[in-house]
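Let me begin by presenting the structure, written as structure tokens, before commenting on it.
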Amino acid sequence: MPRFTKSTCLTPLALAAVLLLSGCASFSADGGMQAVSALADARTGAPDALADKGGEEKLAALLAQPLDADSAVRIALMNNHGMKVALAELGASEADLVQAGRLRNPGLSFGRSHGSHGNEIDRGVSFDLAGLLTMPMRVNIERGRFEQAKLQAAGSAVQLASDTRRAYFNAVAAVQTEQFMQRALLSAEAGAELATRLQQAGNWSRLDQARQQVFYADAVGDLARARHQATATREHLTRLLGLWGKQTTFTLPSRLPDLPAKPAEAGNIEAQAMEQRLDVQRAKLDAHATASALGLSKVTGFINVLDVGYTNKSTSEAPRENGYEVSLELPLFDWGSARNAKAQALYEQSLQRTAGTAVRARSEVREAYSSYRTAYDLARHYRDEVVPLRKTISHEVLLRYNGMLASVFELLADAREQVASVNGAIDTQRDFWIAQTELQGAINGSGPANKE
């Protein structure tokens, strides 16, 4: 008669519980996208962009109009391939969560022997009881990691939105600068031609003519650099938007948005950052997950393998034998102290990392607000003081020239100085909008981003 060995859970009720627990581990309907979208919507200024399924038609509609900052962010969140990679990583994290809620497949064994007492056959089926006992802890750990993955994906969306806004304002400022440099080149060319004629007529010295000629030569170089800057910043924005082919013919406005009437007040931005920053939330979750892992390490420190089963044996020469068999790992050489010490060290590390993240976040948001206010004050200073004064000077010089009280040399010199003032005004206005983007990133996202 064959010998039969069967390892299963202790009772039919326990077996039913195992099957029930394993069956409950399943994938969610949206893979965590709803939670990620909710986190991103409140921080990117483009509601429902991540969940937007408009496809090519929606993208074409957005590109048909001149882009503003919000529409650029929406396109990036819909179309950026790096963002799609970050969202796809949610699937791997959810798969780990589902796997943690499932037992290992049962083990099957088969053996056959022949001796003087006849044939003997062993058959066995075993289940991982240790896995069943630790399943709640493992599921809890993986659930925490899945929540971290959601925060990571939302953080990627917030970072992409900040990068896109920064690239957008750089691109629009470059367009505005290029247009102004084209006008400056026309003025410099006219001045150089006039200076040449005056020098040929003997009314100007060679020195004065050379000075005007070098202004024209510099203007040619400045326009070439401005054109390249406009191309480079536009291509950077194009990459963030994930566009190619005919899509790259999108239109940008000819000038930056006007400054707001007044700057935002600081208020309690540090408290906002502690509540809203995603890297702070991730650090807290990491500390909780590490604590859970420490508890799991202590539970399994002595018992790593535990199989419990029911045995039934019969041979051709003896009556049937019944019983139970248990196999476990004996802690003769490894008592688990090293694993527990490592877990404790990792937990301490996560606590310190969380504290460091909070300290850094508070500092970054204070610095970002200082940059924001400084940029606003400078942009307003150029708008309200420097540019109006430069226009007044140019107007007065022109009146004096028309009244033959100023020379053409003074008129051309004023044109050179006006170029620097207008370029400064464009730069400070661009810097303000970028500083505002950085401030929002410091409050809502993960702090300052790497700039290209």
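Start at 1 with the first residue, then count along the sequence. Just so we're clear, the structure is a prediction, and the values are computed from it rather than from any experiment. As a basis for the values below, the full set of heavy atoms in this structure was taken, side chains included, without hydrogen atoms, waters or symmetry mates.
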- Message: Ignoring hydrogens and geometry beyond distance, is a side-chain donor-acceptor pair present between R183 and Q179 at under 3.5 Å?
- Response: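 Their side chains do not contain a donor-acceptor pair, so the 3.5 Å distance test is not met.
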- How would you list, by chain and number, every residue that makes a ring pair (Phe, Tyr, Trp, His ring centres under 6.0 Å) with F180, sequence neighbours excluded?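 Ring pair (Phe, Tyr, Trp, His ring centres under 6.0 Å) check on F180 returns nothing, list empty.
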Can you name the nearest heavy-atom pair linking [X] to [Y], along with the distance?
X: A273; Y: A442; result: CB-O, 4.1 Å
X: S421; Y: R390; result: OG-NE, 3.6 Å
X: L240; Y: D163; result: CD1-O, 3.4 Å
X: R165; Y: A69; result: NH1-CB, 3.6 Å
X: Y372; Y: P263; result: OH-CA, 3.5 Å
X: L237; Y: A171; result: CD2-CB, 4.3 Å

Distance-only donor-acceptor pairs under 3.5 Å for side chains of residues 37-48, two or more places apart:
residue: S37; atom: OG; partner: D41; partner atom: OD2; Å: 3.4
residue: D41; atom: OD1; partner: D48; partner atom: N; Å: 3.0
residue: D41; atom: OD2; partner: D48; partner atom: N; Å: 3.3
residue: R43; atom: NE; partner: Q276; partner atom: O; Å: 3.1
residue: R43; atom: NE; partner: N444; partner atom: O; Å: 3.4
residue: R43; atom: NH1; partner: L39; partner atom: O; Å: 2.9
residue: R43; atom: NH2; partner: Q276; partner atom: O; Å: 3.0
residue: T44; atom: OG1; partner: A40; partner atom: O; Å: 3.0
residue: T44; atom: OG1; partner: A46; partner atom: N; Å: 3.4

- Item | Matching residue for I426 among T177, V172, D431 - test: side chain to side chain contact (heavy atoms under 4.5 Å, CB included) |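 Going through T177, V172, D431 one by one, the side chain to side chain contact (heavy atoms under 4.5 Å, CB included) with I426 is satisfied by T177 alone.
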- Item | The single option from N79, V73, N80 passing side chain to side chain contact (heavy atoms under 4.5 Å, CB included) against L77 |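 Single pass found, and it is V73.
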Without placing hydrogens or testing angles, list every side-chain donor-acceptor pair under 3.5 Å for residues 215-230, not counting sequence neighbours.
residue: D222; atom: OD1; partner: R225; partner atom: NH2; Å: 2.5

- Query: Counting N and O atoms only, with roles assigned by atom type, does the side chain of Q176 sit under 3.5 Å from a partner on the main chain of L256, one being a donor and the other an acceptor?
  - Reply: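 Checking the backbone N and O of L256 against the side chain of Q176, a donor-acceptor pair under 3.5 Å is found.
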- Task: Could you tell me whether a side-chain N or O of S71 sits under 3.5 Å from a main-chain N or O of L67, the two making a donor and an acceptor?
- Result: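 Between the backbone of L67 and the side chain of S71 there is no qualifying donor-acceptor contact (under 3.5 Å).
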Could you list the donor-acceptor pairs under 3.5 angstrom formed between side-chain atoms of residues 243-253 and any protein atom two or more places apart in sequence or on another chain?
residue: Q247; atom: OE1; partner: W244; partner atom: N; Å: 3.2
residue: T248; atom: OG1; partner: G245; partner atom: O; Å: 2.7
residue: T249; atom: OG1; partner: K246; partner atom: O; Å: 2.7

- Message: Please list all pairs meeting side chain to side chain donor-acceptor pair (under 3.5 Å) that have one or both residues in residues 257-268, counting only residues at least two apart or in different chains.
- Response: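 Qualifying pairs, neighbours excluded: R255-D258.
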To the nearest 0.5 Å, what is the distance between [atom1] ([X]) and [atom2] ([Y])?
X: Q213; Y: E193; atom1: CD; atom2: CD; answer: 10.5 Å
X: D427; Y: I434; atom1: CG; atom2: CD1; answer: 9.5 Å
X: R362; Y: M274; atom1: CZ; atom2: CE; answer: 5.0 Å
X: S162; Y: Q440; atom1: OG; atom2: CD; answer: 8.5 Å
X: I75; Y: T164; atom1: CD1; atom2: OG1; answer: 9.5 Å
X: R353; Y: E348; atom1: CZ; atom2: CD; answer: 11.5 Å

- Message: Q152 vs L278, test: side chain to side chain contact (heavy atoms under 4.5 Å, CB included). Steps then yes/no.
- Response: CA-CA 8 Å; Q152 182 65 45; L278 295 175; over 6 Å; no
- Task: Count the heavy atoms of every other residue, nucleotide or ligand shown that sit under 6.0 Å from NZ of K391, and state whether that count exceeds 12.
- Result: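 Atom NZ in K391 is not packed in, count stays at 12 or less.
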- Task: Look at atom CD of Q272 and say whether more than 12 heavy atoms of other residues, nucleotides or ligands are closer to it than 6.0 Å.
- Result: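 Yes, the 6.0 Å shell around CD holds more than 12 heavy atoms from other groups.
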With heavy-atom distances below 4.5 Å as the criterion, would you say the side chains of [X] and [Y] are in contact?
X: T374; Y: S371; result: no
X: L186; Y: E189; result: yes
X: L151; Y: Q148; result: no
X: E147; Y: K150; result: yes
X: R360; Y: D279; result: yes

- Query: Angle class for the W433/F169 ring planes (parallel below 30°, perpendicular above 60°, tilted otherwise)?
  - Reply: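 Aromatic pair W433/F169 classed parallel.
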- Message: With side chain to side chain contact (heavy atoms under 4.5 Å, CB included) as the criterion, how do M83 and S156 come out once you've worked through the C-alpha distance, each side chain's angles and the decisive distance to 0.1 Å?
- Response: CA-CA 7 Å; M83 188 67 245; S156 297; 4.0 Å; yes
- Worked check of side chain to side chain contact (heavy atoms under 4.5 Å, CB included) between V280 and K284: CA-CA 6 Å; V280 174; K284 292 178 180 178; 3.9 Å; yes
- Using a strict cut-off of less than 4.0 Å between a Lys/Arg side-chain nitrogen and an Asp/Glu carboxylate oxygen, indicate whether E235 and R239 qualify as a salt bridge.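 So E235 does not pair with R239 through a salt bridge.
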- Task: Would you sort out whether Q281 and R277 count as a side-chain hydrogen bond (donor to acceptor under 3.5 Å, both in side chains), showing the intermediate values?
- Result: CA-CA 7 Å; Q281 295 185 29; R277 273 183 65 135; over 6 Å; no
- Could you walk me through whether M78 and L50 pass side chain to side chain contact (heavy atoms under 4.5 Å, CB included), step by step? CA-CA 6 Å; M78 292 171 52; L50 283 178; over 6 Å; no
Give the table of side-chain donor-acceptor pairs shorter than 3.5 Å for residues 376-389, with sequence neighbours excluded, one pair per line with atom names and distance.
residue: Y376; atom: OH; partner: P260; partner atom: O; Å: 3.0
residue: Y376; atom: OH; partner: A261; partner atom: O; Å: 3.0

